[in-house]
Amino acid sequence: MPDAPVERSPAVDAGRQPARWPAARLPRGLHPGAWWLWSLGLATAASHTTNPLPLALLVAVAALVVVRRRGDAPWALAFRMYVWLGVVIVAMRVVFRIVFGGGQGEHVLVRLPEIPLPAWAAGIRLFGPVAAEQVLGGLYDGLRLATMLICLGAANALANPKRLLKAVPGALYAVGTAVVVALSVAPQLVESVLRVRRARRLRGASGRGMRALRGIALPVLADALDRSLALAAAMDSRGYGRTEAVPAGQRTATGTLVLGGLVGVCAGTYGLLDTTGPGYLGLPMLLTGLTAAVAGMLLAGRRVRRSRYRPDHWRPAELLVAGCGMATAILTVLAGEADPELLYPPVSPLTWPELTPLMLLAVAVAAFPAWLAPAPPLARAARPPAAGPPVPAGTEAARLTDSRAPATGGNA
């Protein structure tokens, strides 16, 4: 008599067959250049307005994208520091307006005693009456600068600085190395502070505020020096800073092309901005400078030989994220040309800031990378699960565990 077929549970079959996910939805790190282009687009949009409403929305969008698409690497913790730095910038701008003459306005909030200054300091006033118009002007300027800083901090929290170094052209490897090391200073400091605070709590230290600053600052400084020495040794062992012998004439020609090209780019940009200058100082000078600079960089890159392990490629997700940043900047510029008064609300007379449809569309486009970008790979998720606590002998759980264990030895 044939044996009856054994019915298998769908859960068992699902556990034996690996889950198949589309390649586009697999967790992976986005190209760092895409995140930087997106953040530069947001910073460009913030630089074209002093309206606090779109600036606050841009900060909220940057925070949303960081929360949804940051990993668990050390540099992902740096966004909070940029937010606090932005708050400090806004406060300093407002205090600056209060200290150095805040009375130019109709709505006086408070009258502070004015400090007389000598005749050579004419035009500068210390304290005096504080007007609402000047305080709002300082608030708007500080909020614009803080928003630009926070947008760049979002890229620093999302992009991998080590992968960014691989995307730098060979001719700019020295400058790129310095820039990447500088960008990774803030995340490394955040990691050092968290590690020192954790060690202090394990040792039972309960000091807070300024009392704990002395116990935290010195270990963080020592840790930063140790990391710098380790980084320098690692870079030297991998050949950074070493180039092959180049004739003096070729080196001079390369430097002349690069420097002359950069000067031409600056002159051409000035000619485009200043319409009163001669015609050859605009677009022709800009194109000539770009051509010379690119030629010099290509010649300089020929003597740099680098091998890349698993180079980063631009995929549709990278193009979409970078395009969202560029579209945000373009929409903001168009909104400023359509109605500049709404992007730069006047403080005298006092008016309530308003939003334009183009500005709302720009903010919405800037938030798309929170869903368009793939989820980042998490290092904690890749670790094997920790073993559970031992099961006491003689209990029901121990008998069930013994009954499920495969038999070793004996006759089948």
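Just so we're clear, the structure is a prediction, and the values are computed from it rather than from any experiment.
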Q: Taking R93 for its side chain and D141 for its backbone only, find out whether a donor-acceptor pair lies under 3.5 Å.
A: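 Such a contact is absent between R93 side chain and D141 backbone.
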
Q: Under 4.5 Å between any side-chain heavy atoms of P345 and Y140, yes or no?
A: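 In contact.
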
Q: With the side chain counted from C-beta on, respond yes when R69 and W35 share a heavy-atom pair under 4.5 Å apart, and no when they do not.
A: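 They are in contact (side-chain heavy atoms under 4.5 Å apart), so the answer is yes.
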
Q: Run the numbers on R144 and T49 for side chain to side chain contact (heavy atoms under 4.5 Å, CB included), then give the verdict.
A: CA-CA 7 Å; R144 176 171 61 175; T49 178; 6.0 Å; no

Q: Please give me the minimum heavy-atom distance between P369 and V65, naming the atom from each residue.
A: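 Reported closest heavy-atom pair: CB-CG1, 4.4 Å.
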
Q: Quick one: pull up CG in L57 and CG in L360 and give me the separation to the nearest 0.5 Å.
A: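 Answer for the CG-CG pair, L57 versus L360, is 7.0 Å.
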
Q: For a quick test of reading the model, state the closest non-hydrogen atom pair linking A327 to V365 and the distance between them.
A: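 Heavy-atom minimum between the residues: CB-CG1, 3.9 Å.
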
Q: Work out which heavy atom in P219 is nearest to a heavy atom in V196; give both atom names and the distance.
A: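 Closest approach of P219 to V196, heavy atoms only: CB-CG2, 3.9 Å.
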
Q: Heavy atoms, side chains only, cut-off 4.5 Å: are W36 and L152 in contact?
A: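 Side chain of W36 against side chain of L152, heavy atoms only: contact under 4.5 Å found.
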
Q: Looking at every heavy atom in both G289 and V265, which two are closest together, and how far apart are they?
A: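 Taking every non-hydrogen atom into account, C-CG2, 3.7 Å.
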
Q: Closest heavy-atom contact between W38 and A366?
A: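 Smallest heavy-atom distance, with atoms named: NE1-O, 3.1 Å.
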
Q: Just to verify, what does R70 make a salt bridge (charged side-chain N to carboxylate O under 4.0 Å, His left out) with, not counting sequence neighbours?
A: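 Counting only residues at least two positions away or on another chain, R70 forms no salt bridge (charged side-chain N to carboxylate O under 4.0 Å, His left out).
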
Q: At what distance, to the nearest 0.5 angstrom, does CG of L343 lie from CG of L355?
A: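 It is 9.5 Å, given to the nearest 0.5 Å.
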
Q: Looking at every heavy atom in both W314 and G33, which two are closest together, and how far apart are they?
A: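 Distance-wise, the nearest heavy atoms are CH2-C, 3.8 Å.
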
Q: Mind checking the CZ-CG spacing from R315 to L319? Nearest 0.5 Å is all I need.
A: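 Between atom CZ of R315 and atom CG of L319 there are 11.5 Å.
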
Q: Step by step, would you call V263 with L259 a side chain to side chain contact (heavy atoms under 4.5 Å, CB included)?
A: CA-CA 6 Å; V263 172; L259 293 179; 5.5 Å; no

Q: At what distance, to the nearest 0.5 angstrom, does CZ of R68 lie from CG of L158?
A: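 Reported to 0.5 Å precision, the distance equals 12.5 Å.
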
Q: Are F79 and I150 packed together at the side-chain level, in the sense that at least one heavy-atom pair is separated by less than 4.5 angstrom?
A: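 Sidechains of I150 and F79: in contact.
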
Q: Can you tell me which residue pairs pass the side chain to side chain donor-acceptor pair (under 3.5 Å) test with a partner in residues 318-337, sequence neighbours excluded?
A: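 Listed once each, the pairs are R28-E318.
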
Q: Between Y344 and N51, do the side chains contain a donor N or O and an acceptor N or O under 3.5 Å apart?
A: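 Per modelled atom types, N51 and Y344 side chains form no pair under 3.5 Å.
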
Q: Can you find a heavy atom in the side chain of T147 that is under 4.5 Å from one in the side chain of C151?
A: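 In short, these two side chains touch, coming nearer than 4.5 Å.
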
Q: Taking the side chain as everything from C-beta on, heavy atoms only, tell me whether W84 gets closer than 4.5 Å to V88.
A: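 Not touching, per the 4.5 Å side-chain cut-off.
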
Q: Working to the nearest 0.5 angstrom, can you tell me the gap between L372 CG and L320 CG?
A: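 Going from CG on L372 over to CG on L320, the span is 5.5 Å.
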
Q: Could you give the distance from CG (L342) to OG1 (T356), rounded to the nearest 0.5 Å?
A: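 Atom-to-atom, L342:CG and T356:OG1 are 6.5 Å apart.
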
Q: Is the count of non-hydrogen atoms from other residues, nucleotides or ligands lying under 6.0 Å from R80 atom CZ greater than 12?
A: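 Not buried by this count: 12 neighbours or fewer within 6.0 Å.
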
